[in-house]
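Here is the structure we will look at, set down as structure tokens.
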2 protein chains.
Amino acid sequence: MPKDTFFKLKEDKKRKLTEAFLREFSLKSYDEASITSVVKELGIAKGSVYQYFNDKLDLFMYLVGESSKVKQQYVAEIKREDFDDYWAFFRKLFSEGVKFDLENPLESHFLHNLPNNLNSPSIKQIYDQFLNQITSAFESMVQYEIDKGYFRDDLPVKTMAFFLYKSSLLIMEQMELFEGLSPAKSIINKEPVYKGKVDALMKTVDNYIIILKKSFDKIN
Amino acid sequence: MPKDTFFKLKEDKKRKLTEAFLREFSLKSYDEASITSVVKELGIAKGSVYQYFNDKLDLFMYLVGESSKVKQQYVAEIKREDFDDYWAFFRKLFSEGVKFDLENPLESHFLHNLPNNLNSPSIKQIYDQFLNQITSAFESMVQYEIDKGYFRDDLPVKTMAFFLYKSSLLIMEQMELFEGLSPAKSIINKEPVYKGKVDALMKTVDNYIIILKKSFDKIN
DNA sequence: GCAAAATATGACTTAGTGGTCACAATTTTG
DNA sequence: CAAAATTGTGACCACTAAGTCATATTTTGC
């Protein structure tokens with residue numbers, strides 16, 4: 001957790017600081033991201049950062065928390081019960097994700113880069129923890145669908161959950177690869193990740209749904 | 001390419017050197033891997049390494065080439081034409097991969113860690129190059145199946161290829177996560193990646209085939 | 001307006017890294 | 001066996017990083 005000093009900072013300075021570090025961690029992995037270079041950019045002393053945060057990890061986790069909070073505001077109310085099947089629900093998560101992206105480019109870029117970011121060797125424990133949480137969340141979802149008789153029941157739940165989670169990451173990875181997203185540019189210009197590519201994204205999501213539906217649905 | 005000096009080295013020294021660096025790059029990413037620490041372990045001077053190789057990347061690429069060559073000996077003769085469907089072919093690639101693993105633990109560990117390894121920021125170009133090659137190889141395979149009427153033809157080939165390639169990586173990732181592979185230990189003990197887990201691996205492969213078959217086959 | 005508390009500073013420490021190079025040791029050659 | 005070519009060496013360079021801390025500045029409370 002950040003120190004008191006940070007929270008007592010003026011809103012403006014707090015925001016500038018947060019944004020600068022969001023940018024840094026959006027463009028680079030945890031290990032690459034350099035506090036030294038950000039403080040230079042901000043024109044403040046490095047010591048200041050350590051008046052606000054205990055260490056680099058503290059700072060990073062703060063950014064994760066804040067960005068997640070913002071995104072939660074968009075997806076928290078999306079309930080599985082409100083949809084006929086899992087895939088409509090799945091699709092809605094992405095379309096609301098786009099809204100989040102358009103309205104909070106910086107936080108979106110940061111979260112978009114998070115899986116890469118967590119791959120840094122020096123925070124492997126954090127990554128493992130994160131992966132555990134998310135796979136167990138996906139397990140619950142898959143189990144729910146199986147219990148309702150929607151998903152097939154002849155495969156290990158863990159495998160299905162893992163596959164599903166990774167597939168959703170693949171969508172983003174494919175967008176980056178095929179659609180030539182250029183995070184560096186859009187971050188500088190404060191533009192959303194998927195600016196001008198929303199249709200392509202949703203098309204990709206639909207394609208992935210076609211693939212996954214076939215594999216996961218009990219009857220199709 | 002390594003310098004002449006390296007190739008003129010005694011077989012024994014060459015092997016010791018290669019093995020030590022294979023170990024290092026199997027356990028760490030490209031950027032993490034430390035030449036300094038390996039030369040200490042080997043008890044030779046750092047300067048020697050630079051008598052053999054132009055730089056770190058030269059050394060790394062040599063290891064990639066050598067390991068790939070060894071693996072090629074196992075999979076090169078596996079031809080799609082000799083199998084009824086893609087999935088039998090797919091499965092055979094894994095089962096021969098296991099043989100390679102059992103007989104060449106070090107090279108296997110190295111290749112197993114390669115996708116992680118290539119994620120290092122300082123060799124992003126190499127990664128992109130690699131990804132391009134491999135996805136276009138997968139595209140050819142998918143196109144072949146589509147032309148023969150085996151795979152569905154209502155999805156972009158690129159998407160299918162990318163999905164298929166990433167799925168095969170997922171198998172390894174899942175093994176590591178669920179089956180508790182411990183590369184660090186098995187490398188030290190010169191044990192194969194999948195020692196005692198071959199059945200679990202092939203079971204996982206079969207599960208993935210069940211999933212992928214449903215999505216990819218035109219008729220099922 | 002002044003003392004005390006809070007905040008800002010940046011030179012400095014420690015710890016890595018890849019890569020170099022003048023020189024030493026060894027091996028090959030004639 | 002000596003001269004020449006090859007190979008080995010490790011101190012050293014240039015660089016970058018996270019984190020510290022005595023000191024300076026600013027803000028707050030009275």
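Worth knowing before you read on, the calculation uses all heavy atoms, side chains too, and leaves out hydrogens, waters and symmetry mates. Order of the sequence lines fixes the chain letters, A, B, ..., with proteins taken first and strands second; residue numbering starts at 1 for each chain.
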Does a nitrogen or oxygen in the side chain of B:Lys56 sit under 4.0 Å from OP1 or OP2 of C:dG18?
yes

Over how many whole Å does the gap from A:Tyr52 atom OH to D:dA18 atom P extend?
17 Å

Distance below 4.0 Å between B:Thr5 side-chain N/O and D:dT7 OP1 or OP2:
yes

Testing C:dG18, C:dA8, D:dG19 for proximity to the side chain of A:Tyr50, the answer is D:dG19

Check the distance between D:dA17's C1' and A:Phe25's CZ and give it to me in whole angstrom.
13 Å

Does either side chain, that of A:Lys46 or that of A:Thr36, offer a donor lying less than 3.5 Å from an acceptor on the other one?
yes

Rounded to whole Å, the NZ-C1' distance (A:Lys40 to D:dA18) equals 13 Å

With a 4.0 Å cut-off on heavy atoms, is A:Phe53 in touch with a base, just the backbone sugar-phosphate, or nothing at all?
nothing

Figure out the CG/C1' separation between A:Leu57 and D:dA17, and round it to whole Å.
16 Å

Quick one: which of B:Tyr144, B:Phe216, B:Phe163 gives a ring-ring contact (aromatic ring centres under 6.0 Å, His included) with B:Phe151?
B:Phe216

Rounded off to whole Å, could you give me the CG-to-C1' distance for the A:Asp58 and D:dA18 pair?
14 Å

Protein-nucleotide distance (A:Lys3, atom NZ; C:dA5, atom P), rounded to Å
19 Å

Any donor-acceptor pair under 3.5 Å between the side chain of A:Lys8 and the base of C:dA6?
no

Per A:Gln51 side chain, nearest of listed nucleotides C:dA8, D:dA17, C:dG19
C:dA8

Applying a 4.0 Å non-hydrogen cut-off, can you work out what A:Asp31 is touching in the nucleic acid: base, sugar-phosphate, or nothing?
nothing

For the pair A:Asp128 and A:Lys124, find out whether any cationic side-chain nitrogen is under 4.0 Å from an anionic carboxylate oxygen.
yes

Across the strands shown, which category fits A:Lys13 at heavy-atom distances under 4.0 angstrom: base, sugar-phosphate, nothing?
sugar-phosphate

Rounded to whole angstrom units, what separation is found between the NZ atom of B:Lys16 and the P atom of D:dG8?
14 Å

What is the distance, rounded to the nearest whole Å, between atom CD of A:Glu24 and atom P of D:dT16?
14 Å

Under 3.5 Å donor-acceptor, B:Asp101 side chain and B:Ser108 backbone:
no

Heavy atoms from C-beta onward define the side chain here; which of D:dG8, C:dG19, C:dA8 lies closest to that of B:Ile35?
C:dG19

Checking contacts here: which listed nucleotide (C:dT17, C:dT9, D:dT9) is nearest the side-chain heavy atoms of A:Ile44?
C:dT9

Determine, using ring centers only, whether A:Phe21 and A:Tyr62 are less than 6.0 Å apart.
no

Just to be sure I understand the rule, does B:Ser34 reach a base, reach only the sugar-phosphate, or reach nothing, if contact means heavy atoms closer than 4.0 Å?
sugar-phosphate

Residue whose nearest DNA chain D nucleotide is more 5′ - A:Asp55 or B:Leu9:
B:Leu9

Check A:Arg15 with A:Glu107, please: is the shortest side-chain N to carboxylate O separation under 4.0 Å?
yes

Any idea which of C:dG19, C:dT17, D:dA18 is nearest the B:Lys46 side chain?
C:dG19

Does A:Phe6 reach a base, just sugar-phosphate, or nothing at all? Heavy atoms under 4.0 Å.
nothing

For C:dT7, does either OP1 or OP2 sit under 4.0 Å from a side-chain N or O belonging to A:Ser48?
no

